[in-house]
2 protein chains.
Amino acid sequence: MKTILVVDDEPKIVELARDYLEHAGFAVVSAFDGSEALTRARTDAPDLIVLDLGLPKLDGLDVARALRRDSNVPIVILSGRSDESDKLVGLELGADDYVTKPFSPKELVARVRAVLRRMERPAPASDIIRASDVTLDVPRMRVRAGERDVELTATEFQLLAALAREPGRVFTRSQLLDAVHGVAFESYERAIDAHVKNIRRKLERDPREPQYLQTVHGVGYRFRDDDR
Amino acid sequence: MKTILVVDDEPKIVELARDYLEHAGFAVVSAFDGSEALTRARTDAPDLIVLDLGLPKLDGLDVARALRRDSNVPIVILSGRSDESDKLVGLELGADDYVTKPFSPKELVARVRAVLRRMERPAPASDIIRASDVTLDVPRMRVRAGERDVELTATEFQLLAALAREPGRVFTRSQLLDAVHGVAFESYERAIDAHVKNIRRKLERDPREPQYLQTVHGVGYRFRDDDR
DNA sequence: CGCGGGTGTGGAGCGTTCGTGAAGGCCGCG
DNA sequence: CGCGGCCTTCACGAACGCTCCACACCCGCG
């Protein structure tokens, strides 16, 4: 269950928010001034913070800044006046959403839900290729080998993706050319060798002893298949 | 002029509310039990409903649920008992506000006004995009990078928003054109380059070493992804 | 063990893609 | 009707990376 920290100096606002948020299935903790907010943020580790800007003593802006310094917990701003809020809200402190008073509690709940949903982005599984300890993130065009990030060019990425999609399967140079360009692009097949060389240089720990991209003499290349 | 439907089985309450609401410039229709309330809600299409929970026959709760099924007309609950149970129940069915009896008619008017005001503004569709230390306030079309405010044109803003919504993801020029114009607007794809150049000039600390808008050679562009 | 074809590698060449400044055109505003 | 923004388009130079080559090395087979 997600925990929400509600910060406002007006108890009625806090209670209204608490009612609706708890009813929506959240656990709610509250704070009535800035320093209390910072303490609670540390101790209760909320998943999201609803923060009023007009706080006594420590202003909401300062609270937000302080929070941002060592965490990026999502923040939903409650801004008092809608005119003043124009300049301050969100921008200066990196809030994730804001609601202007007077607010509908239903809207608050909706925005809290929306922000939380936005935060969890587990990247669609189908767009991720895993093979051995190498991970390809296709939409981001990124590669990780173990703990290292690897920078590949577009063609190198496509070539590696084609191989890693079916670990163990052997691909001929011609097949790999097809994967890299569209279909039937006539060219020097040994260009593949050059790409493999460059991928190995960036991907392999010891390029002279390739672990991932294996050569199949007289046929082509394959990606290492762990369970075999 | 706005029409308010007042539902209560006690005529004195209805009259009290009617007096004050009409005086405040609303048209008022009334109903004294649940089924009448549903009929009037359909025929008179009120802009807001003031609903007592303790009704004979068809309970206020059931009325509210029935109303919610095919409309989202705002509802202000009049709860007889001041204990918490009614309040929670009211929340359950998505009331927009509640007033506990005995109530001050002035307070009722104030709440009705507040709820209607909220409804008019179709919820300041606040949407904030945060990526790296760049914040976009979409409804206000504002951008802030670190401590600096950045002025962008409409097209530049949309382009940046599209990229920053999914940090790290690589977009082709064609996809970005779609994001900027409607669907499939035919034009020179490299117009995107010009926009990227202009955004960089305003956004980046050193436009020759872009931190935020990264180019992916042969593919397109992406927004920096801090946490990989 | 020797031979031939296949593969690894560094580097050069060159086409493609990108960055940039500037010019043209559209549109809204005064 | 003129002016100023803004988007688009173009041209040119620079950067990038794909291709291709030359040569060394390796493997497999007779």
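We name chains A, B, ... by the order of the sequence lines, and we start the count at 1 in each one.
Contacts of R173(A) with the nucleic acid, taken as non-hydrogen atoms under 4.0 Å apart, involve only primed sugar atoms and P, OP1 or OP2. Residue contacts for V180(B): at a heavy-atom cut-off of 4.0 Å it reaches no nucleic acid atom on any strand shown.
K202(B) has its NZ atom 16 Å from the C1' atom of dT20(C), to the nearest Å. Nucleotide dC18(C) holds its P atom 15 Å from the CD atom of Q214(B), rounded to whole Å. Nucleotide dC6(D) holds its C1' atom 14 Å from the CG atom of L159(B), rounded to whole Å. As rounded to whole Å, 15 Å separates atom P of dG17(D) from atom NE2 of H181(A). Taking atom CZ of residue R200(B) and atom C1' of nucleotide dG19(C), one finds them 8 Å apart after rounding to whole Å. Atom pair D193(B):CG and dC12(D):P shows a separation of 17 Å (rounding to whole Å applied). Atom CG in N198(B) sits about 13 Å away from atom C1' in dT9(D), given to the nearest Å. A straight line from CD of E189(A) to P of dC18(D) spans 18 Å, rounded to a whole angstrom.
Atom CZ of R130(A) has 12 or fewer neighbouring heavy atoms from other residues, nucleotides or ligands inside a 6.0 Å radius.
Contact annotation: H195(B) does not reach the phosphate of dT20(C) (side-chain N/O to OP1 or OP2, under 4.0 Å). Checking the phosphate oxygens (OP1, OP2) of dT7(C), no side-chain nitrogen or oxygen of T215(A) falls inside 4.0 Å. Contact between the side-chain N/O atoms of Y221(B) and the OP1/OP2 oxygens of dG19(C) is found at a separation under 4.0 Å. Between T155(B) and the phosphate of dC7(D), there is a side-chain N or O to OP1/OP2 separation shorter than 4.0 Å. OP1 and OP2 of dG5(D) both lie 4.0 Å or more from every side-chain N or O belonging to T153(B).
Applying the salt bridge (charged side-chain N to carboxylate O under 4.0 Å, His left out) definition to pairs two or more places apart or across chains, those involving residues 22-39 of chain A are R18(A)-E22(A).
Comparing dC7(D), dG8(C), dT20(C) by their nearest atom to the side chain of E156(B) picks out dC7(D). Closest contact between the side chain of R208(A) and the listed nucleotides dC18(D), dT9(C), dT8(D) involves dT9(C). Of the listed nucleotides (dA22(C), dT9(C), dT19(D)), dT9(C) has the atom at the smallest distance from the side chain of K197(A).
Distance alone, capped at 3.5 Å, is enough to place a donor-acceptor pair between the E156(A) side chain and the T153(A) backbone. Of the possible donor and acceptor atoms, none in the side chain of R40(B) sits under 3.5 Å from a partner among the backbone N and O of V29(B).
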Which letters describe nucleotides 22-30 of chain D, given B = protein heavy atom under 4.0 Å from base, S = only from sugar-phosphate, - = neither? ---------

Under the side chain to side chain contact (heavy atoms under 4.5 Å, CB included) criterion, do L5(B) and L48(B) qualify, and how do the steps go? CA-CA 6 Å; L5(B) 169 59; L48(B) 183 146; over 6 Å; no

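Note that R169(A) lies in the cation-pi zone of F171(A), set by a 6.0 Å cut-off to the ring centre and a 45° limit from the axis.
Looking only at atom types and distance, the side chain of R224(B) has a donor-acceptor partner in the side chain of Q211(B) under 3.5 Å away. Side-chain polar atoms of D133(B) and Y212(B) form a donor-acceptor pair below 3.5 angstrom.
Projected onto DNA chain C by closest heavy-atom contact, G218(B) and R201(B) fall at different nucleotides, the more 5' of which corresponds to G218(B).
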